[in-house]
Amino acid sequence: MKTTITKTLLALAFVGVLSSCDKKSDREVIPENPGNYIIAVTPTAIAGVADYLLTASSLESGAVSIIGNGVEQDGTYRYYVTANNKFFSMLYGQGSPGAVTVYGINDGKLKELNDFTSATVHAFAPVNDDILMVRVPRTIAAAGTPTVYSWYRVNTTTNIQVAEGTADAITPSGNGEIAHLSWIKQVGNKVFAPFFSITGRNFWTKFPDEAGIAVFSYPGMQYEKTIKDTRTSFIGRYFTDGLGLIENGDVYAFSSSVAVDDNTETPDVLTDSKLTSTKPSAITRIKAGTTEFDQTYFMNFETASNGYVITDWLYIGQNKFIANIEPKATKGAYVTGKRLAIVDVVAKTVTAVTGFPEVSTISSVTTNNYSPKDGKTGYVGVNLVSGATYVYKIDASNATATQGLKVEGGKITAIQHLQ
């Protein structure tokens, strides 16, 4: 089963009214450029904040617009999962349940298959024929009350939730802090869940220099063990998948080295967190069929890139990733790099991408992007300071970026594809 995950957490302020867009209640799709690519867009001039879904036949040329086109979603703060050749649009309810809409595609047009409500969650991924979703606590429960993850399974054949349960959220860290999942991923018949341990909502930790991956059985979601390493800080980032599964079954994990703790030097400052990781941004490996970090493999990303840290990545196949990178000097817990590089995890090389817009001209880089996983190609959304928005084609064979599809009326928050 071909699966791809996308997600978005982008909040903007909007003014004006864009009355020409379809209302979600109508469920009518009027794509300007029918096709099997799906682009999620957050409008830049609209009163009722909502993402729109557009379709396109190509990501390499042409233009699409939300004006008079697209399917309006139930609000922004949405995340997207493509599984079993279906597109799941899920609302992040910020504590409240959110709407989930399931789409197929027919003749280049989105077709709604189901609509239901699910809990707000913080990590999600296709596992077997399901989408597994996990809600993660941010405070330790009162004495006598367990601190637990709540998990939910949505079947991608029936398009409905079929099971739910809980699992202990303290045990995986082994240090008394909450093991806050950065993401989840199916590896073999297990679920790997990398985490950063936290003391509470401020995400502070007293253990900044260790990496952990909780291993669960599936479908029962029984905790089995924690894979640990002290050569890096935690894996991934908040709402960011730090694991990459390559064709031979090996799993690679990146760390940005951005753990934070209370800044006791400025206790009266509202933003009183400080970076406390002493380990470098790095990539580690878990070999296929094992549940331990491979101590023979270590890629110091800062050294390989001449002073950069990795903040996100997109696997494109054949051991290669398109990585977002940021200078070590300006790294932060929530900073997404506006520079791109091709990372070959087997060769341990980092090659800067040329042809991408200058950092000073970029408002944001979409982190929910698409690759056919041919080992060569990826498509990345770029929102410019000027207000222009494009999809850029990244060619890993020569580490170049080429401007492609123009998106009008909003900012790209996700790029996906259905067959």
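Side chains are part of it too, since the values below use all heavy atoms of this structure and drop only hydrogens, waters and symmetry mates. Since this is a predicted model, take the numbers as computed values, not measurements.
Partners of Tyr308 by ring pair (Phe, Tyr, Trp, His ring centres under 6.0 Å), not counting sequence neighbours: none found. Asn114 pairs by the side-chain hydrogen bond (donor to acceptor under 3.5 Å, both in side chains) definition with nothing, not counting sequence neighbours.
Glu72 and Tyr52 share a side-chain donor-acceptor pair at under 3.5 Å. Under 3.5 Å, the side chains of Asn128 and Asp130 contain no donor-acceptor pair of N or O atoms. When only modelled atom types and interatomic distance are considered, Ser281 and Lys331 share no side-chain donor-acceptor pair under 3.5 Å. Side-chain contact of Ser233 with Asp209: a donor-acceptor pair under 3.5 Å is absent, judged by distance alone. With 3.5 Å as the limit, one finds a donor-acceptor pair spanning the side chains of Thr101 and Asp115. With hydrogens and angles left out, the side-chain atoms of Lys225 and Thr291 include a donor and acceptor closer than 3.5 Å. Side chains of Thr311 and Asn324: a donor-acceptor N/O pair is absent below 3.5 angstrom, by distance only.
Phe216 and Tyr149 have perpendicular rings, their planes meeting at more than 60° on a 0 to 90° scale where under 30° would count as parallel.
Taking CZ from Phe192 and CD1 from Ile213, the interatomic distance works out to 6.5 Å, rounded to the nearest 0.5 Å.
Aromatic ring centroids of Phe195 and His180 lie 6.0 Å or more apart. Under the 6.0 Å cut-off for aromatic ring centres, Phe301 and Phe254 do not qualify, their centroids lying 6.0 Å or more apart. A centroid separation of less than 6.0 Å is found between the aromatic rings of Phe239 and Phe124.
Salt bridge Asp229/Arg231: present, at least one basic N to carboxylate O contact under 4.0 Å.
At least one test fails for Lys287 against the ring of Tyr297: distance under 6.0 Å to the centre or angle within 45° of the axis.
Applying the side chain to side chain donor-acceptor pair (under 3.5 Å) test between Lys86 and each of Asn159, Thr156, Thr157 identifies Asn159 as the sole match.
Here the side chain of Gln186 pairs a donor or acceptor atom with the backbone of Gly188 at under 3.5 angstrom.
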